[in-house]
Amino acid sequence: MTDTPRWPMPWIRASLELAVLGSLTTGPLHGYGIAQALAVQGFGLLKGGSLYPVLNRLEEARSVEAVWVEGTGGPGKREYHLTATGQERLREELAQWRQLTDTLSEMAQNEMAQSDTGSTSTGETG
């Protein structure tokens with residue numbers, strides 16, 4: 001596990017709700033478990049001040065449901081479950097991200113092709 005994010009911070013913030021939903025597809029997790037799952041995927045080790053507001057927003061949107069689980073030999077914890085609404089949101093938003101990345105990839109390929117031919121696109125007309 002790494003504490004260093006794989007991606008620049010703006011992308012992490014922009015994709016954090018989607019990533020949290022994705023982390024719950026394998027089953028319910030406590031907040032710390034979600035943070036660990038995201039760290040393994042390259043999001044860095046999220047602090048509670050970043051993660052719990054996201055979980056609260058997802059809970060308000062009915063995308064996740066939190067259930068109190070009594071601890072065995074320790075304090076109880078909130079366990080987060082992905083709801084049917086959350087599953088649908090995850091499917092829709094993943095499709096939107098795929099479209100965005102496909103578009104950006106195509107733009108990058110076009111730019112590389114133009115660079116290879118020596119032409120540039122400045123948007124100016126002469």
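All values below were derived from every heavy atom in this structure, side-chain atoms included, with hydrogens, water molecules and symmetry-related copies excluded.
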To check you understand the geometry: which heavy-atom pair defines the closest contact between [X] and [Y], and what is its length?
| X | Y | answer |
| --- | --- | --- |
| Ala66 | Tyr80 | CB-CE2, 3.7 Å |
| Ala37 | Leu29 | CB-CD1, 4.4 Å |
| Ala19 | Leu38 | O-CD2, 3.5 Å |
| His30 | Val69 | CE1-CB, 4.5 Å |

Side-chain donor or acceptor of Thr83 paired with backbone N/O of Glu65 under 3.5 Å: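 No.
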What I'd like to find out is whether the side chain of [X] reaches to under 4.5 Å of the side chain of [Y], using heavy atoms alone.
| X | Y | value |
| --- | --- | --- |
| Ser15 | Phe43 | yes |
| Leu21 | Leu94 | no |
| Glu111 | Gln114 | yes |
| Asn110 | Glu106 | yes |
| Val54 | Leu46 | no |

Co-membership, hydrophobic cluster, residues Val67 and Val64, 4.5 Å side-chain: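 Hydrophobic grouping puts Val67 apart from Val64.
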Co-membership, hydrophobic cluster, residues Trp68 and Leu51, 4.5 Å side-chain: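 No.
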Check: Trp97/Gln99 side-chain N/O donor and acceptor closer than 3.5 Å: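 Gln99 and Trp97 do not have a side-chain donor-acceptor pair below 3.5 Å.
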Supply the atom-to-atom distance [X] [atom1] to [Y] [atom2], rounded to the nearest 0.5 angstrom.
| X | Y | atom1 | atom2 | result |
| --- | --- | --- | --- | --- |
| Glu17 | Arg89 | CD | CZ | 4.5 Å |
| Leu18 | Gln96 | CG | CD | 9.5 Å |
| Met112 | Ser105 | CE | OG | 10.0 Å |

Salt-bridge criterion met for Glu88 and Arg91 (N-O under 4.0 Å):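 Answer for the salt bridge query: yes.
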More than 12 heavy atoms from other groups under 6.0 Å of CZ on Arg78: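 Atom CZ in Arg78 is crowded, with more than 12 foreign heavy atoms closer than 6.0 Å.
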Evaluation steps, side-chain contact (heavy atoms from CB on, under 4.5 Å), between Leu24 and Leu90: CA-CA 10 Å; Leu24 295 173; Leu90 179 62; over 6 Å; no
